[in-house]
Amino acid sequence: VQLQASGGGLVQAGGSLRLSCAVSGGGFSNYALAWFRQAPGKGRDFVGAISQNGGRTGYADSVKGRFTISRDNAKNTVYLEMNSLKPEDTAVYFCAAVFSIISNSWFDKQNTYTYWGQGTLVTVSS
């Protein structure tokens, strides 16, 4: 399984970006998916996660109400819509996937995830 993240860039505070993560290797609908981020000089933090069928989602408190995770199982892609961006959202954003037999599940611990994308940089200027 390979993950390819894209969509990062430079945006002003208050602006929006949409990240995409294309997943190849088969069995997409069996994977719980998530986005994490790593700010300069800091550890990797949970941002949002989505269950296999998209019916359940979870978010970090810092992004609730501003970010939305979604998936398109026909396109094997997971998205992160980011609105009202703040300078503190500046980070490298990583998508992650894990095969799960627990239906309709999502996870917020990074050591749960088996597969990772390469990361895409989001820079929010003040």
Side-chain angles (χ1 to χ4, degrees):
V1 175
Q2 292 187 323
L3 288 75
Q4 181 73 41
S6 62
L10 175 64
V11 63
Q12 287 188 331
S16 299
L17 277 177
R18 188 175 83 156
L19 306 183
S20 300
C21 178
V23 182
S24 60
F28 181 80
S29 61
N30 295 316
Y31 287 84
L33 302 164
W35 289 93
F36 290 79
R37 67 185 182 185
Q38 187 166 15
K42 297 188 177 181
R44 192 174 298 186
D45 294 325
F46 171 72
V47 175
I50 190 166
S51 62
Q52 295 92 322
N53 65 1
R56 295 185 65 208
T57 57
Y59 297 93
D61 287 343
S62 59
V63 306
K64 277 181 184 175
R66 300 189 298 122
F67 290 12
T68 302
I69 188 171
S70 62
R71 64 189 293 163
D72 186 334
N73 284 2
K75 296 183 177 180
N76 294 349
T77 302
V78 60
Y79 304 97
L80 185 69
E81 184 74 36
M82 305 184 294
N83 298 314
S84 302
L85 282 161
K86 305 175 182 180
E88 51 263 44
D89 295 318
T90 294
V92 177
Y93 284 72
F94 298 89
C95 52
V98 62
F99 180 88
S100 178
I101 62 172
I102 305 172
S103 63
N104 214 21
S105 55
W106 62 269
F107 311 97
D108 61 359
K109 300 293 188 291
Q110 61 175 308
N111 59 8
T112 301
Y113 290 88
T114 311
Y115 303 101
W116 291 82
Q118 85 289 0
T120 185
L121 177 62
V122 173
T123 303
V124 184
S125 63
S126 57

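What you see is a predicted model, and the numbers here were worked out from it, not measured in a lab. All residue numbers in this chain count up from 1 along the given sequence.
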Verdict with supporting geometry, W116 and L3, side chain to side chain contact (heavy atoms under 4.5 Å, CB included): CA-CA 6 Å; W116 291 82; L3 288 75; over 6 Å; no
S100 versus S105, side-chain donor and acceptor atoms under 3.5 Å: yes
Full working for side chain to side chain contact (heavy atoms under 4.5 Å, CB included) between I101 and F99: CA-CA 7 Å; I101 62 172; F99 180 88; 3.7 Å; yes
Ring-ring centroid check W35 F67, cutoff 6.0 Å: no
From L33 atom CG to I69 atom CD1, the distance as rounded to the nearest 0.5 Å: 6.5 Å
Connected via hydrophobic side-chain network under 4.5 Å: V47 and V92: no
Worked verdict on Q38 versus D45 for side chain to side chain contact (heavy atoms under 4.5 Å, CB included): CA-CA 6 Å; Q38 187 166 15; D45 294 325; over 6 Å; no
Closest non-hydrogen atom pair between Y31 and G26, with its separation: CE1-O, 3.7 Å
Close side-chain approach of V122 to L19, heavy-atom, < 4.5 Å: yes
Connected via hydrophobic side-chain network under 4.5 Å: V23 and Y115: yes
ILVMFWY network linking V124 to M82, side-chain heavy atoms under 4.5 angstrom: yes
Aromatic ring proximity F46/F107, centre distance under 6.0 Å: no
Salt-bridge contact D89-K86 (side-chain N to carboxylate O under 4.0 Å): no
Between OG on residue S84 and CZ on residue R66, distance to nearest 0.5 Å: 7.0 Å
Distance, nearest 0.5 Å, that separates CG of D108 from OG1 of T112: 7.5 Å
E88 CD: over 12 foreign heavy atoms closer than 6.0 Å: yes
N/O donor-acceptor pair under 3.5 Å between T77 side chain and K75 backbone: yes
Backbone N/O of S126 and side chain of Q12: donor-acceptor pair under 3.5 Å: no
Gap separating the CD atom of Q110 from the CZ atom of F36, nearest 0.5 angstrom: 6.0 Å
T57 side-chain N/O to I50 backbone N/O, donor-acceptor pair under 3.5 Å: no
Nearest non-hydrogen partners of T120 and A5, listed with the distance: CG2-CB, 4.2 Å
Distance (rounded to the nearest 0.5 Å) between C21 SG and R71 CZ: 10.5 Å
Side-chain (N73) to main-chain (Q52) donor-acceptor, under 3.5 angstrom: yes
Face-on cation placement of R37 at F94 ring, 6.0 Å and 45° thresholds: no
Taking every non-hydrogen atom, the tightest pair across T68 and Y59: CA-OH, 3.3 Å
D72 and S70: side chain donor to acceptor below 3.5 Å: no
CG-OG1 distance between L85 and T123, expressed to the nearest 0.5 angstrom: 11.0 Å
Path from Y93 to Y113 over hydrophobic side-chain contacts below 4.5 Å: no
ILVMFWY cluster, L121 and V11 together (side-chain gap under 4.5 Å): no
